[in-house]
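First the proteins, then the strands, lettered A, B, ... as listed; each starts at 1.
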Number of protein chains: 2
Amino acid sequence: MTNASAMLTALGDPTRQSIVDALSREPLAVGELARVLPISRPAVSQHLKVLKDVGLVLDRQEGTRRLYRVDPDALAEVRRHLDAFWERSLAAFEHRTRSEEDHSDRHDQHDPGDPA
Amino acid sequence: MTNASAMLTALGDPTRQSIVDALSREPLAVGELARVLPISRPAVSQHLKVLKDVGLVLDRQEGTRRLYRVDPDALAEVRRHLDAFWERSLAAFEHRTRSEEDHSDRHDQHDPGDPA
DNA sequence: AGTATCGGTAAGTGCTAGCTTACGGTTCGT
DNA sequence: ACGAACCGTAAGCTAGCACTTACCGATACT
């Protein structure tokens, strides 16, 4: 499992999506997040651990508090991962559409080898 | 919960990521997917139902088989959603960096109001 | 030093996501 | 009409996830 898919998996939880959403606007401490979200502070801590383990968020000690923020580079990595899916699906679709004109019965549509 | 976040949640499962991965390359029937994946055919069916409910995949009857494929537009929507996170986190970061020069002790950093 | 705030972690619980087997319906071939 | 292949759904089980409360260490203030 690549790092990008691990991040995607971490983003699967709606609560963690809310956390990333909030943190993307401005860095927040754990208690501040817990005040906004409908869950307890330890629950927030556990979610932040998950997000931190996959590299989606960064933390920095600020006195007695601990400020969490989103790592833009990590988000960019997830985006690239989705882009790969998107481009491939688009390519497959267009390939299908093109070969619709001369649709023969042969179904070896993978790697046509550009028969010039 | 918006549609994009629902799709993101559906993509949270690693098996579903594999399914989308496979389907992005070329449309496949349920049985073909089950042959590749380490799970049973009904399990694949259930995953496909989840993906279809959020609009990530499309299906079309092909004789006795049922071909599933990825909807590129849906993937694009998820991508845009992540883009929003990314842009905001980047903006927040740069804002922080800029206001680092004149960092006073006041911590009302939200909406400084551009004090000319 | 004493106190308060903040936050990570341990322990325990409920629920549901994901899986399997079993069954039934539909489409194609003979 | 019969059999085969394909697939969706029901039913049931289990592992793990998300949550809570309780506890403890660390940092800052007076």
Side-chain angles (χ1 to χ4, degrees), chain A residues 1 5-23 26-70 103 105 107, chain B residues 1 5-23 26-70 103-109:
Chain A
M1 193 186 216
S5 51
M7 292 193 265
L8 200 53
T9 304
L11 281 175
D13 182 72
T15 300
R16 282 197 284 271
Q17 291 177 23
S18 300
I19 291 179
V20 170
D21 185 10
L23 291 184
E26 75 176 324
L28 289 174
V30 181
E32 295 172 334
L33 275 172
R35 243 165 265 135
V36 176
L37 300 170
I39 59 177
S40 69
R41 185 190 49 75
V44 174
S45 246
Q46 291 159 10
H47 280 302
L48 286 172
K49 175 172 174 47
V50 174
L51 292 172
K52 184 184 170 186
D53 282 346
V54 298
L56 272 172
V57 302
L58 305 172
D59 61 332
R60 105 174 190 262
Q61 198 80 19
E62 182 86 5
T64 168
R65 306 194 313 161
R66 181 172 286 260
L67 282 182
Y68 283 87
R69 65 182 185 89
V70 174
H103 66 294
D105 294 18
H107 14 95
Chain B
M1 194 185 215
S5 51
M7 291 193 265
L8 199 54
T9 304
L11 281 174
D13 183 72
T15 300
R16 281 196 286 271
Q17 291 176 24
S18 301
I19 290 179
V20 171
D21 186 10
L23 291 184
E26 73 176 326
L28 290 174
V30 181
E32 295 171 333
L33 275 172
R35 244 165 264 134
V36 175
L37 300 171
I39 58 177
S40 70
R41 186 192 48 76
V44 174
S45 247
Q46 290 159 10
H47 280 303
L48 285 172
K49 174 172 173 48
V50 173
L51 292 172
K52 185 184 170 187
D53 282 345
V54 298
L56 271 171
V57 303
L58 305 172
D59 61 332
R60 105 173 190 262
Q61 198 81 18
E62 183 85 4
T64 168
R65 307 193 313 161
R66 180 171 287 260
L67 281 183
Y68 284 86
R69 64 181 185 90
V70 174
H103 67 294
S104 56
D105 295 17
R106 310 185 292 124
H107 15 95
D108 56 342
Q109 69 278 15

In whole angstroms, how far is the [atom2] atom of [N] from the [atom1] atom of [X]?
X     : N      : atom1 : atom2 : result
A:E62 : D:dT27 : CD    : P     : 14 Å
A:I39 : D:dC19 : CD1   : P     : 5 Å
B:E32 : D:dC6  : CD    : P     : 9 Å
B:R60 : D:dC6  : CZ    : P     : 17 Å
A:L28 : C:dC6  : CG    : P     : 14 Å
A:R66 : D:dT27 : CZ    : C1'   : 12 Å
B:D59 : D:dC6  : CG    : C1'   : 14 Å
B:L11 : C:dG18 : CG    : P     : 12 Å

Closest to the [X] side chain, choosing from [options]:
X     : options               : result
A:D13 : D:dA18, D:dT27, D:dC6 : D:dA18
B:T64 : C:dT20, C:dT27, C:dC6 : C:dT27
A:Y68 : C:dG8, D:dG8, D:dC6   : C:dG8

Is the distance from OP1 or OP2 of [N] to the nearest side-chain N or O of [X] less than 4.0 Å?
X     : N      : answer
B:S40 : C:dT20 : yes
A:T15 : D:dC19 : yes
B:R41 : D:dC6  : no

Of all heavy-atom pairs between A:T9 and B:G12, which one has the smallest distance, and what is that distance?
CG2-O, 3.1 Å
Indicate the atoms forming the closest heavy-atom contact of B:A10 with B:R16, along with that distance.
O-NE, 2.6 Å
Contact check, side chains of [X] and [Y], non-hydrogen atoms, under 4.5 Å:
X     : Y     : answer
B:D59 : B:L48 : no
B:R69 : B:R60 : no
B:L67 : B:L28 : no
A:L11 : B:L11 : no

Please confirm whether the backbone N or O of B:A29 pairs with a side-chain atom of B:E32, one donor and one acceptor, at under 3.5 Å?
yes
Residues within residues 42-57 of chain A bordering DNA chain D, heavy-atom distance below 4.0 Å
A:P42, A:A43, A:Q46, A:H47
